[in-house]
Asker: 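Okay, handing you the structure first.
So you know, we letter chains A, B, ... as the sequences are listed, proteins then strands, and number each from 1. Quick caveat: nothing in here was measured; it's all calculated off a predicted structure.
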2 protein chains.
Amino acid sequence: MFDEFSAEDLTVMQAFKTGEMVVGPGAQLFVEGAHTPQLYTVLAGMGLRYKTTADGQRQVINFVMPGDFLGLQAGVMGEMSHAVEAATEMTLCVFNRADVWRIFKTNPQRAFDLTYLAAMEEHLLGDALSRLGQHGAMEKIAWSLHRIFSRALAVDMVSEDNRCALPFKQQDLADALGLSLVHTNKTLAKLRADGVATWTAGQLHIPDLDRLGELGLVDKEKVEKRPLI
Amino acid sequence: MFDEFSAEDLTVMQAFKTGEMVVGPGAQLFVEGAHTPQLYTVLAGMGLRYKTTADGQRQVINFVMPGDFLGLQAGVMGEMSHAVEAATEMTLCVFNRADVWRIFKTNPQRAFDLTYLAAMEEHLLGDALSRLGQHGAMEKIAWSLHRIFSRALAVDMVSEDNRCALPFKQQDLADALGLSLVHTNKTLAKLRADGVATWTAGQLHIPDLDRLGELGLVDKEKVEKRPLI
DNA sequence: CGTTGTCTTGAATTACATCAAGAAAAGTGG
DNA sequence: CCACTTTTCTTGATGTAATTCAAGACAACG
C-alpha cells in the first residue's frame with residue numbers, strides 16, 4: 001500500500017526519527033489545542049481522533065490505524081484542532097516538530113509527501129462529511145465498517161477467515177457518525193442478522209465486503225498508495 | 001488576514017503565476033475526479049466546492065471566497081475529490097500544476113505554506129464534520145452563517161451597516177449542512193424573525209455577530225492568518 | 001406575459017433521539 | 001476464585017426534530 005522506501009529515503013528518515021515509543025490503551029497522544037513537540041507514525045495499534053464541541057459533545061474524526069501519520073497539524077500550524085487517544089497499546093515512531101522545517105529545507109521529496117498526506121486527509125474528511133450530511137444510519141454504518149475493513153486489508157490485518165480486530169466501543173462509532181448509541185446498536189444488530197457484518201468481542205467479521213459496500217454506497221475506488229513518513 | 005508578502009516572495013510567485021482568468025457564474029472550475037492542469041487563487045467572486053454521492057445527492061464541502069487556493073488536491077494527488085463551481089463571476093490567478101513540484105524544489109518556504117494551507121483545510125473540514133454530526137438545524141445554520149460572515153469580515157467584504165454579499169441559494173446551504181431545503185428555509189425564517197440574521201436578495205445582514213455566534217455555539221476562536229499563494 | 005426557478009408556508013410522515021431497564025462482559029478487591 | 005461494582009451491550013416504548021409531500025407566492029427571464 002505504501003510508496004517504496006529507497007535506501008536514501010531510509011537514511012534521511014532515520015536522521016529525522018528520534019525514537020520509538022509504546023503507550024498503553026487510553027493514553028492521550030495529543031490534546032486539543034495543545035502545543036506538542038512531537039509527531040508520530042503509527043507502527044502498531046489503533047486509536048481515535050476526536051474533537052470536543054462547545055457543549056461537551058464528542059465528534060470522532062476518524063479511526064487511527066498503523067501507517068497513519070499523527071500531528072501534521074501541530075507540525076505546521078503549531079497546535080492540534082483535535083485530540084488523539086490510543087484505543088489499544090500502540091507503538092509509535094517519534095519525530096521532532098522542529099525537524100519538520102528541516103525536511104522542507106533539505107528534502108523536497110519528503111516535504112511533498114507531507115503535503116500529499118495532508119491532501120489525502122482532506123479527501124478522506126470530505127468523504128466523511130458527505131456521508132454524514134447525505135445518508136441514513138444504515139448507509140453510514142455500512143460505509144464506515146467498509147472503510148475500516150478495507151484499510152485493515154491494505155495493512156494486512158485481516159485473517160484468512162475475513163476477521164480483523166476492531167478495538168472500539170459502539171459509542172465510538174456512534175460519535176463518528178453522529179448517531180445515538182441506541183440507534184447504532186440497533187443498526188449493527190440488523191447487519192448482524194443479515195449476515196453482512198458481525199462485530200463482537202472486538203472482532204469485526206465481514207464475509208462479503210462487496211455486499212457491505214453496496215449497503216454503504218461505496219463506489220469501488222482504487223486503493224490509493226500513500227507515502228509512509 | 002494574510003501573511004506579509006515580501007518582495008522576494010512576489011518575484012517567486014510571479015514566475016509561478018501564468019496569468020489571470022475571469023469566469024462567469026455557473027462555470028465549472030474543477031470536475032470531480034478529473035485531471036486538471038491548473039490551480040487557482042481566488043482574487044474575486046464566490047463559489048462552491050461540492051461532491052456528488054453515488055446515489056446522486058450533493059454535499060457542499062464549503063463556500064469559496066477570495067483568498068482561497070483551489071486545486072491543491074489535484075496539484076499533489078493528481079485528481080480532485082470534489083468539484084468547484086463559480087456562483088458569481090470570479091477572477092482567478094492561474095498556476096500550472098507542473099510548477100508545484102518546482103516550488104518544492106526551489107522554495108521551501110512556499111512549499112511549507114502549501115502544506116499549511118492543506119492542514120488548515122483539514123482543520124476547517126474537521127469543524128464542519130463535528131457540526132454536522134453533533135448539532136441541530138438551528139445551530140448548524142447559525143454556525144455556517146457565522147463562519148461565512150467572519151470570513152467576509154476578514155477579507156473586508158462587509159459594509160458599514162453589517163451586510164455582505166451571499167450569492168448562494170438556500171438549497172446550497174441546505175446541501176452544505178445536510179438539511180432539507182424546507183427545513184433550512186424555516187430555520188432561516190426563524191433567525192430573521194428574531195432579528196439575528198437576515199438573508200435576502202443575495203445580501204446577508206448580521207446586526208450582532210456575537211449573538212449569532214452564541215446560537216451557533218462558536219467558541220471565539222482567533223482569526224487565523226493564512227498564507228496567500 | 002407566460003415560463004421557469006427560487007422562496008415560503010402548512011400538513012403528514014418518518015427516521016432517529018431519548019428514556020428506561022435488563023443482560024452480558026469486564027474490571028476490582030477480598 | 002468468587003462476590004461486587006462498573007462498563008458495555010441490548011431491547012422495547014415513547015417522543016420529536018427533521019423529512020417529505022403539496023401547493024401557493026414571488027422573482028427573474030426570455
Asker: What are the 5'-most and 3'-most nucleotides of DNA chain D lying under 4.0 Å from any heavy atom of chain A?
Answerer: D:dT8 to D:dA13
Asker: Any non-hydrogen side-chain atom of A:W143 less than 4.5 Å from a side-chain atom of A:R147?
Answerer: yes
Asker: Could you tell me whether the side chains of A:Q170 and A:T184 share a donor-acceptor contact shorter than 3.5 Å?
Answerer: no
Asker: When the nearest nucleotide of DNA chain C is assigned to A:G178 and to B:V182 on a heavy-atom basis, which residue is associated with the more 5' position?
Answerer: B:V182
Asker: Between D:dC21 and C:dC16, how many Å separate the two P atoms, rounded to a whole number?
Answerer: 16 Å
Asker: Does the pair A:D172/A:R58 count as a salt bridge with the N-to-O cut at 4.0 Å?
Answerer: yes
Asker: Can the ring centres of A:F63 and A:F168 be said to be less than 6.0 Å apart?
Answerer: yes
Asker: Could you tell me whether the side chains of B:T115 and A:T115 share a donor-acceptor contact shorter than 3.5 Å?
Answerer: yes
Asker: Between A:D175 and A:K51, is there a salt bridge with N-O shorter than 4.0 Å?
Answerer: no
Asker: Going by atom type alone, with no hydrogens or angles, which donor-acceptor pairs under 3.5 Å involve a side-chain atom of residues 86-96 of chain A and a protein atom two or more places apart or on another chain?
Answerer:
| residue | atom | partner | partner atom | Å |
| --- | --- | --- | --- | --- |
| A:T88 | OG1 | A:M46 | N | 3.0 |

Asker: Can you list, in residue-number order, the parts of residues 187-198 of chain B that come under 4.0 Å of DNA chain C, counting heavy atoms only?
Answerer: B:A189, B:R192
Asker: With DNA chain C as reference, determine whether B:K169 or A:L181 sits nearer its 5' end, using the nearest nucleotide of each.
Answerer: B:K169
